[in-house]
Structure formats: structure tokens, C-alpha cells
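Throughout, protein chains are lettered first and strands after them, A, B, ... in sequence-line order, and every chain is numbered starting at 1.
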Amino acid sequence: MVRLLACFKTTWNLDEMTTDEWNRMEDGRPPSFMKKTLGMYDESALELALRISDDVKALGGESELTALTVDEDIEDHIAKNLFAIGYARVVHAACREDLRFRPDLVADMICGFVKNAERLENFFDLILTGQQANLGDNGQTHLLMAEKLGLPCVLNVIDASRVEGGVRVASLVDDGLLEQTITTSAVLGVGNAAHPYLRVPTLRERMNVSKKSVLLVPGESLVPPDERRPPKVIQTGLSLKKIQRECRFIQGESAEEKARSLYDSCLEEVLRSCALKS
Amino acid sequence: MNGITKIAVAAFASRKGYAQARELLTCAAHFASLETELWLLGRESPNENLAAENPFHESLSHESLSVENLSPENLSVENFSPENFSLPVDVVCQVVFEEPRLCSTEEWMPALMRLYERSRPQAILFYADLAGNELAVRLAARIEGSCATEALSLSMTDVLTVGRAAYGSNLTAQFDLQAQPWVLSVAQGAFEPINIKEKRTPERIVSVERLLDAPWHTELRLRPEKAEEGIETAEVVVVGGRGVGHRQHIEQLRRLAESMGGKLGGTRPAVLDGWLRHKDLIGASGNVVRPKLCLAMGVSGSGPFMAGVEKSDVLAAVNNDPDALIFKYCDVGVVEDCNAVAQELERIISKSNNSNKRTANS
Ligand SMILES: Cc1cc2nc3c(=O)[nH]c(=O)nc-3n(C[C@H](O)[C@H](O)[C@H](O)COP(=O)(O)OP(=O)(O)OC[C@H]3O[C@@H](n4cnc5c(N)ncnc54)[C@H](O)[C@@H]3O)c2cc1C
């Protein structure tokens, strides 16, 4: 049995926020009408876990998928969707604390869950997470988990598939694309993946799981309050980036006219100065 | 600002690593440390011509070392001569693997831990590329220090306060790092390289180590892939976004970039759709560029993308939505179909290039 744990977070799609909304934002919370969705990289991690599970089954093996989120809440439709596409368990580690800039605490909670599972002889073969999520943009959780669990960690994973003797993982490194076969348990931090989006369940798949419910685990059972470590990094300020530019719009009747005007009023001069320099 | 007693700057011993060390040493100067160490991690980079560039295998001419001419040749083992060393560095520690092989970043950790244990600096700086971010987080976890990645600014009183991007690079967040040692990765271009003329005579330590076999992986293979050559330093950068709509239009943008003597990069959707390679991604999780001119075509202007182009001198955008966010952040805006504008621009610029050539020839 291959056990896969995919850790995810729901957050806001900040691309949808207007400048006015940024200016009006209080307490670091986007406007209430905005809905939370899966973190962009977390969505890819959830899909990658499904793909590895598909490979296992195609090779005649068995696999079990668990999705875990550490958060104050989880939207029901997101959990239902995960069940419908093949997750056997969706676990909500309930934590009321402000986790935006606490990758250490999130990692501790996930490690607590993994260790509790191990006590029941349920060992995860792979633990996947997205490599970064807003709001914190921390990019540390997977590494901290791996350090704490003593597992290897591959970052910026873009693809993985089950092969003889392990999992073949492709990841981005500074020099290019690194491929390796991971032969032990490991943590994968998923980045700009080849299959970034989660598959869509059929209506029948949705109906089949309509009675399934999320497993709620109190955060305290994962990291007992007396084992909590005080944060070493404390967020003290948050400010909007200053906009330094003011846009001058190019006018014209057609694309050709506007291109000409853009060239004459802006590009030509810059290009000339570049040419002079070279 | 009160200083600390010891800081270490860690870089890979490759051409890129030396340029990064320069930037890091500028940042290190902010710590007013009594002593500065340079940790050099020897790395066999399959992307580079080893015979020419591996500082451990070439015997090259002696040259005076300064921040300006920090290069692999100058830091080669054979050529190291403390009298000529004019970096603001007191100790140079080099780790060289006896039998270098392709390894993952994680496999550097034992060597890094030994470097740390030897001198126990209060602050350690890495360059915030993929490897540097990873090493910073791992090292901080192992030595129980406090860590901030992608640092953009810092100030030091009793604690170290670090500024970095948050909320998808739309906001800047400040953090107090409570416990020393402080381990930072410093964002690309956050601290301008300066010429540090101060001359010190560093002690030099070379540690030749064995790279242990990592039992958890096999069959490592690297497919070298570089960012569009020189995109980080290009004077003109054209960026294709989702609005470009099709791979063939990306090729048109490539021709446009070439006609302007520039480089082409893309947003995340353009990369995920396979129009461009991962290494050509512009933004917080890709390349940060600082050209004279950046032309963003069919790009909405999201925070993570803007983090990659906000240092451009002139930022021009073409988008068919007059309310697109990018118009809030650019200098020149065109509300129009980006492919039609690209086609016409290419025609105008090619014509101008041809007439310039004719003038030059006559
Ligand atoms: C942690 C994190 C890190 C990220 N890192 C990066 C990063 O490094 N780089 C990056 O790019 N993104 C990154 N992203 C994604 C980012 O948030 C945006 O989703 C992305 O930048 C949007 O790309 P886009 O502008 O091409 O696409 P869209 O947002 O879809 O915008 C397309 C634009 O094209 C316009 N358009 C459509 N058709 C035309 C036409 N014919 N002519 C002209 N205009 C047209 C539309 O009006 C629209 O404004 C990151 C996200 C997260 C959460």
C-alpha cells in the first residue's frame, strides 16, 4: 500500500483584488465578498498526488490518498470535491491562530499528524505540499517539515511518477531540470507543475461521496500547548508597495496607429540610447 | 547600528556564485561585523565548462583580488595569495569535494554544518536563488536560528528587522528575527553591489571532503536549462502573458524582442501553457529583470509578476482591457490587441534597423 499525504491551504486569489481594495484592506484580510480557493501550488500538489496514485494503481498496486489542511476552517465544497476526485480522507487540523507568517507552526502541526499516524503504523510514503502560498509567501513549510521529520525534500517539483523502485521526480534547480528516483519516504514541494490544475469530478463521482465528511483534528492534539515553541520570527509590519509610476495612455484609431505612436513617443528614444551604449 | 562579531557569506564556487558573493558582501556590510567569513562551496556545475571555469582544476594567472574583479580565476585554490586579496573578508573557507558528482542541494548540508560549527557566526547570508533559499531554511532549522528568505531590506537594533514581499508580492512585510544566529537569503538585486576598497589579508582554509552517498535517491540526471541568455542583464525585455493567446504569437514576440536587441520572457500562464520554458519565467518565482525598457504584452499586472519587472526604467504595457491592473503600474499604456501591436512594431523596428544598416554601410 502506497500512502500519500497532500497538504494544502485555501487562500484568496489576490490577482482579483483592485488597487482600491488593496488600499481599503484592514487587518490583512481581503474583502469579505472574496471567496477562498485552493492555493495555486497546493492545487498542483493535490493533483500530483492523484497522478502518482493513478500510476500505482496502473502498476497493479494499492494506494491511499489523504488531504490535510491546517486552518481555522475548510469550505465544505472544497472537501467534497477532494473526496469526489479520489481522496479517501480529508483532514482538517483546526487551528485558530494567525498562521500567515507561521510556517514553523504549520510544519509542526503537519509533523504532529504524521507522527500520530505512524503510531498507528500508517507510514506515509510521500508527503506533498505546494511550495509557496499567499498570504505569507513564506515558502518554508515543506522544508521545515522535512527537517523535523528527518526526510529528504525535493523542491520546485514539476512532475513525478511511480517507477520501479521508487518515484521519479523532476524538479527545477538553478542550473536546469533535475531528475532523480526517490527510493525512500520524502517530502515534495510542488512548484510550477506540468499539470497545475485539479481534475474535475463527474456528477456521479460527486454523488458517490455526498455522505463523506471531513475528519476534524484539534490542533492541540497535534502540537500540545506545552510543546509549542515561541516563534523565532515575528511579523511586525505590513505595508502596501508604493506605486512609483503614472501611466500615459497612447491614443490612436487603430493598432497600427497606436504602435507607431508608441514607437515614436517612447521606444525609439530608449532603443537609440541602448544602441549608442552598445 | 550596533555591529556583531562575526558574519558569514555563503556562495557556490561558480562564476554565478562569485557575482552573488559580491552582492552578499554589500549586504554583509550592513551588519558592521568585526569579522567576515566567505564560505565557498565548490560545485561542479554541469552547465559550465569545467576545464575553463572550475577554480579547483585550473592553474591561472595571479591577479589582485578586489570586489570588482571577483571571478573564479581569482579565487582559484592555486592562485590564492592573501597579500593580494582585497575583499572585505577575513577568512575564506572553501569546501571541495574529493570526487565531485551531481548532487542535490540537500547534500551540501553536512559540509555547511561543519562550516558553521567551526566558527559559529551570528549571521549567515545566502543568495536568494533556489539553492540559497533552501540552504538558508535548512541551516536555520538545524542550528536553531531564525530565518528570513528573500530579504529586501534590513535594519539592526537589538533584533534584526528584515523586510520582504508578502501577499503575492503585493505588500511588504517586516519581521523581527529574535534568536541568533540569523540566517538570511538576500533577494536578487536588493543591495546594489558597491566597490569595497578596504583591503584585508584573509586567513584561508580549504576543506577537502568526501561527498557521502545519499541513500534516498538514485539515477540523478540534470538537463541543463538556462534562462534566455542574459535576460537578467538585458536592456530590453519583452514579456508575453496569457493575453498573447497562442504559441505562434509568442514567436512573433520573440522576433520583436530580437529586432530590439532584447530578450523574451513570459508570465506563469505563458510558461505553464508550454509557450516558453520554465527558465524564462519573469516574476517573484522566476527572473527579476531590470532593463531600460520592459514591454509587457497581454499581461494583467499581478503582484508576483510585477515583482520581476518593477525595477525596469521604462515599463510599457499593451492590454486590450482598459481597466487592467498593469496600467496602474506602468509608464506607458496601450489599450489594444497586443498581437496586432506587436506585428506593427516589428515592422516599424525592422524597417528602422534596415535603414540604419544602409546608412552605416554607405
Ligand atoms: C506564490 C505565487 C508566485 C507566483 N509567481 C509568479 C511569477 O513569478 N510570475 C508570474 O508571471 N506569475 C506568478 N504567479 C501567478 C500570478 O499571480 C498571476 O496569476 C500571473 O502573473 C498572471 O499572468 P498573466 O498576466 O499572463 O495572465 P492573466 O492574469 O490571465 O492576464 C492576461 C491579461 O491579458 C489581457 N489580454 C487578453 N487578451 C488580450 C489581447 N488579445 N491583447 C492584449 N491583452 C489581452 C487580459 O485583459 C489580461 O489582463 C504567482 C502566484 C503565486 C500565488
Max heavy-atom pair count under 4.5 Å with chain B, selected residue of [options]:
options: A:T184, A:D15, A:L143; result: A:L143
options: A:P230, A:G237, A:G139; result: A:G237
options: A:P152, A:G191, A:P30; result: A:P152
options: A:N134, A:L262, A:L135; result: A:L135
options: A:E16, A:M17, A:M40; result: A:M40
options: A:N192, A:L14, A:V169, A:T18; result: A:N192

Identify which of [options] forms the greatest number of heavy-atom pairs closer than 4.5 Å to chain A.
options: B:C147, B:A316, B:A148, B:A136; result: B:C147
options: B:D331, B:V335, B:L345; result: B:D331
options: B:E150, B:M306, B:M260; result: B:M260
options: B:S104, B:S169, B:A165; result: B:S169
options: B:D337, B:L295, B:L315; result: B:L315
options: B:G168, B:G132, B:A141; result: B:G168

Which region of [X], side chain (C-beta onward) or backbone (N, CA, C, O), has a non-hydrogen atom less than 4.5 Å from a non-hydrogen atom of chain B, or is it both or neither?
X: A:A133; answer: neither
X: A:I243; answer: side chain
X: A:P231; answer: backbone
X: A:L240; answer: both
X: A:S254; answer: backbone
X: A:M25; answer: side chain
X: A:P196; answer: side chain
X: A:E256; answer: both
X: A:L238; answer: both

Fill in: Residues B:S185 and B:N133: side-chain donor-acceptor under 3.5 angstrom
yes

Discussion item. If we ignore hydrogens and angles and just use 3.5 Å, is the side chain of B:T359 paired with the main-chain N or O of B:S355 as donor and acceptor?
Written reply: yes

Worksheet item: Between the side chain of A:E179 and the main-chain N/O of A:A170, is any donor-acceptor distance below 3.5 Å?
Response: no

Assess whether a salt bridge exists between [X] and [Y], defined as any Lys/Arg side-chain N lying under 4.0 Å from an Asp/Glu carboxylate O.
X: A:E118; Y: A:K115; value: no
X: A:R260; Y: B:E344; value: no
X: A:R229; Y: A:D104; value: no
X: A:E246; Y: B:K328; value: no
X: A:R29; Y: A:D27; value: no
X: B:E107; Y: B:R101; value: yes
X: A:D55; Y: A:R51; value: no
X: A:R3; Y: A:D125; value: no

Counting only heavy atoms not in [X], do more than 12 sit closer than 6.0 Å to its [atom1] atom?
X: B:Q343; atom1: CD; result: no
X: A:K35; atom1: NZ; result: no
X: A:E268; atom1: CD; result: yes

Heavy-atom proximity to chain A below 4.5 Å, by part of [X]:
X: B:E134; result: both
X: B:P215; result: backbone
X: B:L177; result: both
X: B:N356; result: neither
X: B:R347; result: neither
X: B:S300; result: neither
X: B:E144; result: both
X: B:V332; result: both
X: B:S352; result: side chain
X: B:E310; result: both

Worksheet item: How about residues 153-166 of chain A versus chain B: which residues have heavy atoms under 4.5 Å apart?
Response: A:C153, A:L155, A:N156, A:I158

Worksheet item: Just how far is it from atom CG of A:L172 to atom CD of A:Q131, taken to the nearest 0.5 Å?
Response: 8.5 Å

Practice prompt. With A:D71 as reference, evaluate A:R102, A:K9, A:K36, A:R100 under the salt bridge (charged side-chain N to carboxylate O under 4.0 Å, His left out) test and give the passing residue.
Written response: A:K36

Worksheet item: Does the ring centre of B:Y127 sit less than 6.0 Å away from the ring centre of B:F12?
Response: no

Worksheet item: Where do A:D175 and B:L222 land on the side-chain contact (heavy atoms from CB on, under 4.5 Å) test, with the steps shown first?
Response: CA-CA 8 Å; A:D175 293 326; B:L222 185 95; 4.0 Å; yes

Fill in: Criterion side chain to side chain donor-acceptor pair (under 3.5 Å) against A:Q180, the qualifying member of B:E219, B:H217, B:R221
B:H217

Worksheet item: Is the B:F175 ring parallel, tilted or perpendicular to the A:F101 ring (thresholds 30°, 60°)?
Response: perpendicular

Worksheet item: Do A:C274 and B:V236 come close enough that some side-chain heavy atom pair is under 4.5 Å?
Response: yes

